[in-house]
Structures are given as C-alpha cells and as structure tokens.
> 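One structure, as structure tokens, below. Some questions next.
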Amino acid sequence: MSQENMIKVEINRKPSFTEIWYEGSVTMNNKDYNFWLINPRGLDDQGREYEMEIRWWFKQVPKEIRAMSEQIIKDFKENRHD
C-alpha cells in the first residue's frame, strides 16, 4: 500500500518588503565588471532589516573582484547620504 503525501503551498499576497536595485561596476585592468547592489526595504517578523547583497551581471567575474562584495556594501552604507 502506498501513502500519498499531502502538500500545501500558501502565499501571503501582501509584500513583505521591496528592493531598490543600484547598478555599479568595478574596473580591473581596463575591464568593467558590472553588478547590482540590492537594498531590501522592510523588516522581518522580529524587526530586523534584510541584508544588502551584490549580484554580478555575469558568471565570469574574477574571484578577487567577487571578494570585494562586502567592501562595496560597507562603502555604500558609509556614503549613503552623499
């Protein structure tokens, strides 16, 4: 005898947060590597802010450039009001 699994999917139709996407780039050896800095606006259930993230436009980004993601976010936060 087989037992069927019951699966239920629910989606809250009220958005949890919105995102603001900023475009940027890093230049190394005269080559540009473009990225989006994603800044979520909103709070989770415990009142904490969502984390910012960097998404590179293409897969072939050197690891030294990818490693700059945290520094890019830090610099953005520090210079937010410029």
Side-chain angles (χ1 to χ4, degrees):
M1 292 170 85
S2 70
Q3 181 181 24
E4 290 188 36
N5 292 328
M6 295 294 295
I7 299 173
K8 181 178 179 182
V9 176
E10 292 185 31
I11 298 175
N12 180 355
R13 295 291 181 180
K14 181 181 172 196
S16 300
F17 63 92
T18 57
E19 295 177 333
I20 300 171
W21 290 49
Y22 299 93
E23 291 183 18
S25 66
V26 175
T27 304
M28 183 173 85
N29 299 328
N30 294 319
K31 184 169 182 181
D32 291 332
Y33 299 95
N34 296 352
F35 63 86
W36 288 290
L37 184 146
I38 303 164
N39 186 5
R41 296 289 189 188
L43 304 173
D44 67 8
D45 292 340
Q46 286 78 41
R48 299 172 297 201
E49 287 188 39
Y50 293 100
E51 281 189 39
M52 290 183 183
E53 69 175 287
I54 298 290
R55 288 193 196 164
W56 298 96
W57 288 20
F58 303 104
K59 289 183 179 183
Q60 296 175 342
V61 176
K63 62 182 175 183
E64 338 36 84
I65 300 295
R66 285 188 183 275
M68 295 178 66
S69 294
E70 291 301 318
Q71 186 62 45
I72 292 168
I73 291 171
K74 181 180 176 201
D75 290 347
F76 177 82
K77 287 178 178 179
E78 289 175 359
N79 297 305
R80 187 178 289 182
H81 302 292
D82 286 355

> In the single-linkage hydrophobic clustering (I, L, V, M, F, W, Y; side-chain heavy atoms under 4.5 Å), do Ile54 and Ile20 co-cluster?
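Ile54 and Ile20: one cluster.
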
> Using every non-hydrogen atom in the two residues, find where Asn12 and Lys14 come nearest and quote the distance to one decimal.
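Result for this residue pair: OD1-N, 3.0 Å.
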
> Should the heavy atoms of other residues, nucleotides or ligands under 6.0 Å from CD of Glu70 be counted, would the total exceed 12?
no

> Considering only heavy atoms from C-beta outward, does the side chain of Met68 approach that of Val26 to under 4.5 Å?
yes

> Are any of the side-chain nitrogens in Glu64 or Arg66 under 4.0 Å away from the carboxylate oxygens of its partner?
no

> Taking the side chain as every heavy atom from C-beta outward, state whether Pro40 and Glu51 have any pair of such atoms under 4.5 Å apart.
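The answer is no; the side chains never approach within 4.5 Å.
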
> Does Ile38 form a side-chain contact (heavy atoms from CB on, under 4.5 Å) with Arg55? I'd like the steps, not just the answer.
CA-CA 8 Å; Ile38 303 164; Arg55 288 193 196 164; 3.3 Å; yes

> Kindly indicate whether the side chain of Ile72, heavy atoms from C-beta on, has any atom under 4.5 Å from the side chain of Phe35.
yes

> With no hydrogens and no angle check, do the side chains of Trp21 and Glu19 hold a donor and an acceptor under 3.5 Å apart?
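Looking only at side-chain atoms, Glu19 and Trp21 do form a donor-acceptor pair, the distance falling under 3.5 Å.
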
> Could you list the residues that satisfy side chain to side chain donor-acceptor pair (under 3.5 Å) with Asn34, not counting sequence neighbours?
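Listed in chain order: nothing, the list is empty.
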
> So, do Glu4 and Met6 sit near enough that their side-chain heavy atoms are less than 4.5 Å apart?
no

> Is any side-chain heavy atom of Trp56 closer than 4.5 Å to one of Ser69?
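A side-chain contact under 4.5 Å exists here.
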
> What orientation do Phe76 and Tyr22 show, parallel under 30°, tilted 30 to 60°, or perpendicular over 60°?
tilted

> Report yes or no: do Asp32 and Thr27 form a side-chain donor-acceptor pair below 3.5 Å?
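Yes, side-chain donor-acceptor contact under 3.5 Å.
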
> Calculate, to the nearest 0.5 Å, the distance between atoms CD and CG belonging to Glu23 and Leu37 respectively.
11.5 Å

